[in-house]
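Bear in mind the structure is a predicted one, so any value in this text is a computation, not a measurement.
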Amino acid sequence: MNCLVKIVWDWNGTLLNDVDLCFSCINRLLVSHDLKPLDTLSQYREVFTFPIEDYYKRVGFDFDKIPFSMLAHEYMEDYQEKSYACDLHLDVLDVVNKAKNLGFSQTVLSASKMDYLLKQMETLHVDDLFDSIYGINDIYAKSKVELAHAFKQTCSLDDEIYFVGDSVHDYEVAKSIDAKCILVTTGHQNRKTLESVNVPVMDSLMESLDFIYERD
């Protein structure tokens, strides 16, 4: 290889298996505001989107009745402590170690608040497995584009950058810095949604890593 391969991993849903928890948390939030909960995990994966404000509108919240900022705080109060009990997806450690052995640089870039992200990673003993970690400064999960541009500043023109995530937003983030993108079906959005942006869609992280290796 004539260039350095840099893999940027999304965290929530991609490496951290928090989908069931998020499904439960949004349903508790809906019920607490007298709204109908989502029926199935499949329905959750169908309606989940970025920015999170749009997702909340899709599931039935009216920001004229209760501000998004208040809903976001209520959700995070429910989610955060419980999230420290979430596991990684089953193949994460094998994939990260294989990528390291292949000489690939690895970064975590997340729409999670940085201190929450670090605590999750430290709890799972994976914070030292990555070359860099990027998180945001608040809980509103608006966009990771600014983080991606900050990451791009650390790269050289010859670097081959791959974003691996579980949402269309990960594709949008990758596109914003002219990086390649692979999406996985094991996270927060379903295959149909992911396939709408016409990038490789894989059923596991290992498949994604193998795809990267075969092309470099």
Side-chain angles (χ1 to χ4, degrees), residues 6-29 32 41 44-45 48-53 55-56 67-100 104-154 163-167 169-170 173-174 183-184 186-189 204-205 208-209:
K6 293 191 172 184
I7 302 176
V8 182
W9 303 106
D10 170 57
W11 178 245
N12 298 90
T14 302
L15 301 184
L16 183 71
N17 187 4
D18 66 348
V19 178
D20 288 336
L21 174 60
C22 291
F23 174 53
S24 299
C25 287
I26 196 64
N27 274 348
R28 281 192 289 270
L29 190 63
S32 72
L41 195 58
Y44 166 80
R45 283 190 161 111
F48 183 83
T49 193
F50 280 95
I52 296 297
E53 290 102 314
Y55 161 50
Y56 278 33
F68 171 69
S69 59
M70 189 177 298
L71 292 167
H73 277 284
E74 289 180 22
Y75 180 94
M76 290 307 296
E77 284 178 5
D78 185 20
Y79 168 88
Q80 200 57 47
E81 285 301 318
K82 295 181 178 70
S83 75
Y84 301 130
C86 289
D87 291 322
L88 299 169
H89 282 290
L90 291 176
D91 58 352
V92 168
L93 294 180
D94 287 341
V95 169
V96 170
N97 287 324
K98 182 175 180 179
K100 189 183 294 285
F104 297 168
S105 166
Q106 297 183 84
T107 291
V108 168
L109 192 147
S110 173
S112 293
K113 195 166 181 282
M114 188 64 171
D115 55 347
Y116 294 159
L117 172 62
L118 288 175
K119 185 172 179 180
Q120 288 172 334
M121 296 182 74
E122 289 165 1
T123 300
L124 291 163
H125 308 292
V126 296
D127 52 304
D128 60 348
L129 297 183
F130 299 91
D131 298 289
S132 56
I133 300 169
Y134 291 80
I136 62 173
N137 295 320
D138 58 46
I139 65 168
Y140 303 119
K142 285 192 174 181
S143 174
K144 295 183 286 191
V145 170
E146 290 183 10
L147 297 179
H149 281 274
F151 166 75
K152 183 70 179 289
Q153 295 300 311
T154 71
F163 271 69
V164 181
D166 68 319
S167 73
H169 183 54
D170 291 306
V173 173
L183 300 176
V184 291
T186 49
H188 292 276
Q189 288 188 315
S204 73
L205 295 174
S208 303
L209 179 60

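Closest approach of Gly165 to Asp170, counting heavy atoms only: CA-OD2, 3.3 Å. When all heavy atoms are compared, the tightest approach of Gln80 to Ser83 is O-OG, 2.6 Å. Scanning both residues, Thr14 and Val164, for their nearest heavy atoms gives CG2-O, 3.7 Å. Nearest approach of Val145 to His169, heavy atoms of both residues: CG2-CE1, 4.5 Å.
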Trace of the side chain to side chain contact (heavy atoms under 4.5 Å, CB included) decision for Gln120 with Tyr84: CA-CA 6 Å; Gln120 288 172 334; Tyr84 301 130; 3.7 Å; yes
Determine, step by step, whether Tyr56 and Ile26 satisfy the side chain to side chain contact (heavy atoms under 4.5 Å, CB included) criterion, reporting the C-alpha distance in whole Å, the side-chain angles of both residues, the deciding distance to 0.1 Å, and the verdict. CA-CA 9 Å; Tyr56 278 33; Ile26 196 64; 3.9 Å; yes
Show the numbers, then the answer: is there a salt bridge (Lys or Arg N to Asp or Glu O under 4.0 Å) between Lys82 and Asp78? CA-CA 7 Å; Lys82 295 181 178 70; Asp78 185 20; 2.6 Å; yes
Check against side chain to side chain contact (heavy atoms under 4.5 Å, CB included), Val92 and Trp9: CA-CA 11 Å; Val92 168; Trp9 303 106; over 6 Å; no
Criterion side chain to side chain contact (heavy atoms under 4.5 Å, CB included) on Leu205 and Leu15, from CA distance to verdict: CA-CA 8 Å; Leu205 295 174; Leu15 301 184; 3.8 Å; yes
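Atom-to-atom distance recorded for Ile7:CD1 and Leu109:CG is 14.0 Å, nearest 0.5 angstrom. For the atom pair CG (Asp91) and CG (Asn97), the distance works out to 11.5 Å, reported to the nearest 0.5 Å. To the nearest 0.5 Å, the span separating CD on Gln189 from OH on Tyr44 amounts to 9.0 Å. Atom CZ of Arg45 sits about 12.5 Å away from atom OG of Ser167, to the nearest 0.5 Å. Summarising the geometry, atom CE belonging to Met76 is positioned 12.0 Å from atom CG belonging to Leu29; distances are rounded to the nearest 0.5 Å. Within the model, atoms OH of Tyr116 and OG of Ser110 stand 13.0 Å from one another, a figure rounded to the nearest 0.5 Å.
Taking Ser208 as the reference, nothing meets the side chain to side chain donor-acceptor pair (under 3.5 Å) condition, with sequence neighbours excluded.
A cation-pi contact, defined as under 6.0 Å to the ring centre and within 45° of the axis, is absent between Lys144 and Tyr134.
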Just distance, no hydrogens or angles: give the donor-acceptor pairs under 3.5 Å from side chains in residues 124-133, sequence neighbours left out.
from	atom 1	to	atom 2	distance (Å)
Asp131	OD2	Gln106	N	2.7
Ser132	OG	Thr107	OG1	2.6

In a table with atom names and distances, give each donor-acceptor pair under 3.5 Å that connects a side chain of residues 16-24 to protein atoms at least two apart or in another chain.
from	atom 1	to	atom 2	distance (Å)
Asp18	OD1	Gly13	N	3.2
Asp18	OD1	His188	NE2	2.8
Asp18	OD2	Asn12	ND2	2.9
Asp18	OD2	Tyr79	OH	2.8
Ser24	OG	Asp20	O	3.1

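Within a 6.0 Å radius of CG in Leu90, no more than 12 heavy atoms belonging to other residues, nucleotides or ligands are found.
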